[in-house]
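Please read the structure below before turning to the comments.
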Amino acid sequence: MKINQPDARRIRQRGWLCLAIVITACLLPALAAADDSQQPVTPRTAELLRTGGGPVRIVCFGDSVTGVYYHTGSRRAYTDMLGIGIERVFPQADVTMVNAGISGHTTHDALARIDRDVLAHEPTLVTVMFGLNDMTRVSLEEYRTNLKTIIDKVRGVGAEVVLCTPNAVIDTTDRPTTRLMEYCDVVRAVGRETGVPVCDCYQAGDEWRERDALGWRLSMSDEIHPNMDGHQHIAELLTEAITGRQVSLADVGPPVPALPHSLQLLKEGEPLKVLAMTPLDEMVVPAVTQIFPDARLEVTAWDTDSKSLTELMQSAQQTVRSMQPDLVVLCIPRAALPADEEELIHAYSWTMNYSLAFGPGGWDCLVIEADVVDPLPQPAESDVLTSQLVGAQDLPRIVREPGDESTAMEILSRWLARQLQ
């Protein structure tokens, strides 16, 4: 067949166009991999955040994992971390975070309070994370219906919605993983059916557990509740979903001031009731009165001599919340620690958990790490593990800096001077 010159030119042009399409198709994955951004799943909210074009109010709706409780230090949770993540991505954003999490609640309870706790805030965006309690007393079908009703109500006031699967848990009889996965499947299905994006916290946590079992375990305060390290992970996932940008929150330390309840009482001249593990019980009064000479402290010694970590955990459970002190000072000696890693993680975490108020607005808790009282030339393996656990709980802590030969009293006094003045 004979082809004239214009036709030949068009064929060559089409050939170049096809080649360009092929090259572009090959390059796009590499370009995408080089850019950590993606399309936000909440475009209207993301645009307001990006441009600073108006106030954005985000309500995080959920159960005890969402709310502020002992497992994250009783002062903040992933709602606060999400706010920090968003501000890191979009410093110009005018964002207000509202925590609407209540311990023990199911989607059934959520519908009873959604008008008061969520819609009354006139939200721009609502994140929804329920399931850990639903799986124990709400059927899968009712769970599905309740999620859809929550979505309808939120959309009815013009807000965007993000559904979240519950976090991965340690398998127990009450909450077996196989049962939890069924509820996660419902969340994903509801998301597909309603066109609502899903932040898959369960899948991300399960993948973390697969690649780093110990790292994931250290992000759990107990069998079902993530500690602050786990909450930071949830907030990173939500930040990326909402803004389209990845962010790390690993460097976010405990909130300041470190001892707000104690500081307020000392400034007001009120008595300060302290429960302190030995030998710190003898150091607290002279350290505090260096800063507040007229301070009135009532110190109760918490004996650690010859006690195992399990015994200390049990005494925390029996004593602290019934006593309701103003300040708890933990200093768990190395001699108390068990050799078994899982036993150490479990008992150390629960000693901290029981030393905190169940929910927000309670007393202060300070951890003095073992090397302050009992320094070693090199940190023990247990020191590294317990330090990770304390940091993950979002609690203030005192450590001995490398090369510091000061006494425990001197280290405590310097730290308190910085925090209380």
Please report the closest heavy-atom contact between [X] and [Y], naming both atoms and the distance.
X      : Y      : answer
Met220 : Pro226 : SD-CA, 3.9 Å
Tyr202 : Pro166 : CB-O, 3.0 Å
Trp208 : Ser219 : CH2-CB, 3.5 Å
Leu376 : Ala380 : CD1-CB, 4.0 Å
Pro123 : Val59  : CB-CG2, 3.8 Å
Leu420 : Leu263 : O-CD1, 3.1 Å

Atom [atom1] of [X] with >12 non-hydrogen neighbours under 6.0 angstrom:
X      : atom1 : value
Gln39  : CD    : no
Met181 : CE    : no
Glu122 : CD    : no
Gln92  : CD    : yes
His108 : NE2   : no

Within the distance-only criterion (no hydrogens, no angle test), does the side chain of [X] pair as donor or acceptor with the backbone N or O of [Y] below 3.5 angstrom?
X      : Y      : result
Ser322 : Thr319 : yes
Arg57  : Thr96  : no
Asp171 : Pro176 : no
Thr172 : Arg175 : yes
Tyr69  : Ser103 : yes
His231 : Val65  : yes

Judged by modelled atom types alone, do [X] and [Y] share a side-chain donor-acceptor pair under 3.5 Å?
X      : Y      : result
Ser387 : Arg397 : yes
Glu268 : Gln264 : yes
Thr45  : Glu160 : yes
Tyr78  : Thr66  : yes
Ser262 : Asp326 : no
Trp302 : Ser315 : yes
Asp63  : Thr106 : no
Asn227 : Ser221 : no

Basic-acidic side-chain contact under 4.0 Å: [X], [Y]:
X      : Y      : result
Glu342 : Arg217 : yes
Asp174 : Arg179 : no
Arg209 : Asp206 : yes
Arg88  : Asp251 : yes
Asp394 : Arg76  : yes
Arg334 : Asp383 : yes
Arg50  : Glu47  : yes

*Name the one of Asp115, Asp117, Asp109 that satisfies side-chain hydrogen bond (donor to acceptor under 3.5 Å, both in side chains) with Arg113?*
Asp117

Heavy atoms, side chains only, cut-off 4.5 Å: are [X] and [Y] in contact?
X      : Y      : answer
Cys164 : Cys199 : yes
Val252 : Gln232 : yes
Pro333 : Lys307 : no
Asn133 : Arg137 : yes
Ile411 : Thr407 : no
Ile86  : Thr243 : yes
Leu356 : Cys365 : yes
Met97  : Leu82  : yes

*Verdict with supporting geometry, Ser406 and Arg414, side-chain hydrogen bond (donor to acceptor under 3.5 Å, both in side chains)*: CA-CA 10 Å; Ser406 305; Arg414 286 199 304 266; 3.2 Å; yes

*If you draw the axis of the six-membered ring of Phe90, does the NZ or CZ of Arg245 fall within 45° of it and under 6.0 Å from the ring centre?*
no

Calculate, to the nearest 0.5 Å, the distance between atoms [atom1] and [atom2] belonging to [X] and [Y] respectively.
X      : Y      : atom1 : atom2 : answer
Gln317 : Leu312 : CD    : CG    : 13.0 Å
Lys273 : Met323 : NZ    : CE    : 5.5 Å
Asp303 : Asp281 : CG    : CG    : 9.0 Å

*Given Gln393 and Asn353, is the side-chain hydrogen bond (donor to acceptor under 3.5 Å, both in side chains) satisfied, shown in steps?*
CA-CA 9 Å; Gln393 198 79 3; Asn353 290 342; 2.6 Å; yes

*asked:* So, using salt bridge (charged side-chain N to carboxylate O under 4.0 Å, His left out) as the criterion, who are the partners of Glu236 when residues are at least two apart?
replied: none

*Please assess Gln314 against Gln318 for the test side-chain hydrogen bond (donor to acceptor under 3.5 Å, both in side chains), listing each intermediate value before the final yes or no.*
CA-CA 6 Å; Gln314 291 168 346; Gln318 296 162 3; 5.4 Å; no

*In terms of ring plane angle, is the pair Phe130 and Phe61 parallel, tilted or perpendicular, where the classes change at 30° and 60°?*
perpendicular

*For Pro396, enumerate each residue passing the side chain to side chain contact (heavy atoms under 4.5 Å, CB included) test, keeping only those at least two apart in sequence or located in another chain.*
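Testing Pro396 for side chain to side chain contact (heavy atoms under 4.5 Å, CB included), a comparison that skips the adjacent residues, returns Ala258, Leu259, Leu366, Trp415.
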
